[in-house]
Protein chains: 2
Amino acid sequence: MNEKKRGRPRAFDARETLEKAREVFWDRGYAGTSLDTLSAATKLNRPSLYGAFGDKEALYLDVMEGYRAESMDALADALDPSFPLRDNLARVYDSALAVYLHGETAARGCFLIGTATAEAIQHERVRDLLSRSLEDFDGAIERRIALAVERGELPEGTDAGMLARLASAVMHSLAVRARAGDSREMLEALAKSGVDMICGRA
Amino acid sequence: MNEKKRGRPRAFDARETLEKAREVFWDRGYAGTSLDTLSAATKLNRPSLYGAFGDKEALYLDVMEGYRAESMDALADALDPSFPLRDNLARVYDSALAVYLHGETAARGCFLIGTATAEAIQHERVRDLLSRSLEDFDGAIERRIALAVERGELPEGTDAGMLARLASAVMHSLAVRARAGDSREMLEALAKSGVDMICGRA
DNA sequence: TTCATTTTGTACCATTTCGCATAAAATGTT
DNA sequence: AACATTTTATGCGAAATGGTACAAAATGAA
């Protein structure tokens with residue numbers, strides 16, 4: 001790859017453009033974001049946006065997929081099995097909160113839970129990608145928890161699948177509460193309680 | 001009240017209109033719903049909508065408040081302290097799922113988490129009402145859990161506030177997952193695990 | 001009956017929205 | 001240098017959007 005293309009070269013970087021678009025969608029939602037707003041934020045005019053990403057829904061799906069991939073990378077880092085499960089989970093929630101509490105006017109929470117859920121009924125592809133994202137997240141935690149059971153970090157007979165979904169449930173709640181304006185202290189306390197719930201009080 | 005008013009009587013019932021508007025907002029989100037759609041669904045023309053409820057944001061806030069109030073009523077019923085806490089929580093999740101799994105094209109999840117979170121950044125009044133709704137919900141569960149600790153249903157020294165927020169977290173997750181298309185079986189299993197998590201496996 | 005008051009329905013308005021047509025600009029190819 | 005190809009920029013246009021003006025209709029009050 002990286003062969004020189006024929007025509008006029010692009011004056012923008014696709015990754016940077018998707019990041020700018022993500023900021024806008026994150027604050028205003030999918031339906032609440034116009035192409036003009038996207039055009040202003042990315043400094044691309046609409047025909048360039050169309051040429052590079054297709055219509056608004058395709059652009060949004062691109063942004064969703066980027067967020068999903070980044071989140072899974074961060075999750076994989078946080079779940080490094082050379083550390084105890086308790087540390088892993090604390091780091092999962094910590095790194096999520098670092099993202100959720102960022103924002104210009106107010107904390108933005110999770111991009112997917114904050115914006116994709118609203119579109120999930122009307123846009124089947126959004127719903128499917130959202131569903132897959134949640135499943136992937138659950139799956140990664142489930143595998144780490146299953147390992148913890150093997151290692152004796154958690155009692156034998158633990159249902160790794162359901163315990164993982166409970167761990168994800170705490171994440172979902174952090175996502176919603178952050179966007180509703182809960183304080184960092186409250187969210188950190190909930191995260192800590194979540195860790196205790198999964199790993200035990202000890 | 002109920003005094004006869006002076007002018008031409010209304011040809012519609014405000015409660016029914018708000019219910020129709022809720023259906024539309026629930027499926028399409030706030031920004032994704034146009035006044036024409038609302039007008040068609042409620043069978044009121046736009047000037048009547050404005051006269052009765054104010055602009056689109058005011059109408060949405062009315063719908064939010066109605067949903068919040070109904071939810072709190074249902075929650076109070078479910079938390080009837082003459083039943084064990086375990087039964088209470090199971091009923092809380094059951095009645096929530098009955099609402100969340102309803103929908104024409106797809107399960108709609110929770111109205112607030114599914115639609116209000118998206119607007120929470122841009123619309124401060126939506127964010128505040130969302131925040132208050134979550135707090136009220138947490139508070140009602142916390143009071144029931146505190147009672148359970150007094151009664152010895154839960155171990156002494158239990159942090160009722162945090163345990164209640166974990167119980168709410170399971171609700172939030174049910175809300176998100178339902179809208180993402182999870183099956184009823186999966187959601188019921190998660191609810192059951194949530195009850196076990198709060199009340200113990202016994 | 002006449003008037004005041006409120007709701008209804010039609011029509012309208014300014015703006016925004018999405019999408020595209022078209023031409024100019026910037027590159028590689030021959 | 002001439003051409004093919006791709007991106008950029010301007011701008012158009014049809015439709016949708018939120019909101020309102022205004023007159024007709026329906027009621028109670030005087």
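Below, chains carry the letters A, B, ... as their sequence lines are ordered, and counting in each starts from 1. All values below were derived from every heavy atom in this structure, side-chain atoms included, with hydrogens, water molecules and symmetry-related copies excluded.
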### Query
Expressed in angstrom and rounded to an integer, what is the separation of Arg46(A) atom CZ from dT8(D) atom P?
15 Å
### Task
Return the value, rounded to whole Å, for the distance between atom CG of Leu49(A) and atom C1' of dT17(C).
14 Å
### Task
Give a yes/no answer on whether the side chain of Lys56(A) brings an N or O atom under 4.0 Å of OP1 or OP2 in dC18(C).
yes
### Message
Using OP1 and OP2 only, check whether a side-chain N or O of Ser48(A) sits under 4.0 Å from dT7(D).
### Response
no
### Query
Ignoring hydrogens and geometry, is there a side-chain-to-backbone donor-acceptor pair from Thr158(A) to Leu154(A) under 3.5 Å?
no
### Task
Could you check which of dG18(D), dA21(D), dT8(D) has an atom nearest any side-chain atom of Ala11(A)?
dT8(D)
### Rounded distance in Å - CZ (Phe53(A)) to P (dC18(C))
16 Å
#### Entry: Stepwise side chain to side chain donor-acceptor pair (under 3.5 Å) check, Tyr60(A) with Thr33(A)
CA-CA 10 Å; Tyr60(A) 181 75; Thr33(A) 301; over 6 Å; no
### Task
Would you state whether a donor and an acceptor, one from the side chain of Arg8(A) and one from the base of dG28(C), lie under 3.5 Å apart?
no
#### Entry: Strand contacts (DNA chain D) in residues 12-45 of chain A, 4.0 angstrom heavy-atom criterion
Phe12(A), Asn45(A)
### Query
Hey, are Arg165(A) and Glu142(A) close enough for a salt bridge, meaning a charged N less than 4.0 Å from a carboxylate O?
yes
### Lys56(B) NZ/CZ over Tyr30(B) ring centroid, <6.0 Å and within 45° of normal
yes
### Message
Could you work out, with side-chain contact (heavy atoms from CB on, under 4.5 Å) as the rule, every residue matching Glu150(B), not counting sequence neighbours?
### Response
Leu147(B)
### Message
So that I can tick it off, tell me whether Arg91(A) and Asp87(A) are bridged by a salt bridge, with the cut-off set at under 4.0 angstrom between side-chain N and carboxylate O.
### Response
no
### Message
Whole angstroms only, please: what is the CD-C1' distance between Glu57(A) and dG19(C)?
### Response
15 Å
### Query
Is any side-chain nitrogen or oxygen of Arg10(A) closer than 4.0 Å to OP1 or OP2 of dT7(D)?
yes
### Task
Counting heavy atoms from C-beta on, name the nucleotide in dG9(C), dG19(C), dG19(D) closest to the side chain of Tyr50(A).
dG19(C)
### Query
Which of parallel (below 30°), tilted (30 to 60°) and perpendicular (above 60°) describes Phe111(A) and Tyr67(A)?
tilted
### Query
Which of these nucleotides, dT27(D), dA9(D), dT27(C), is closest to any side-chain atom of Pro9(B)?
dT27(D)
### Summary
Asp55(A) CG to dC20(C) P, in whole Å, measures 9 Å
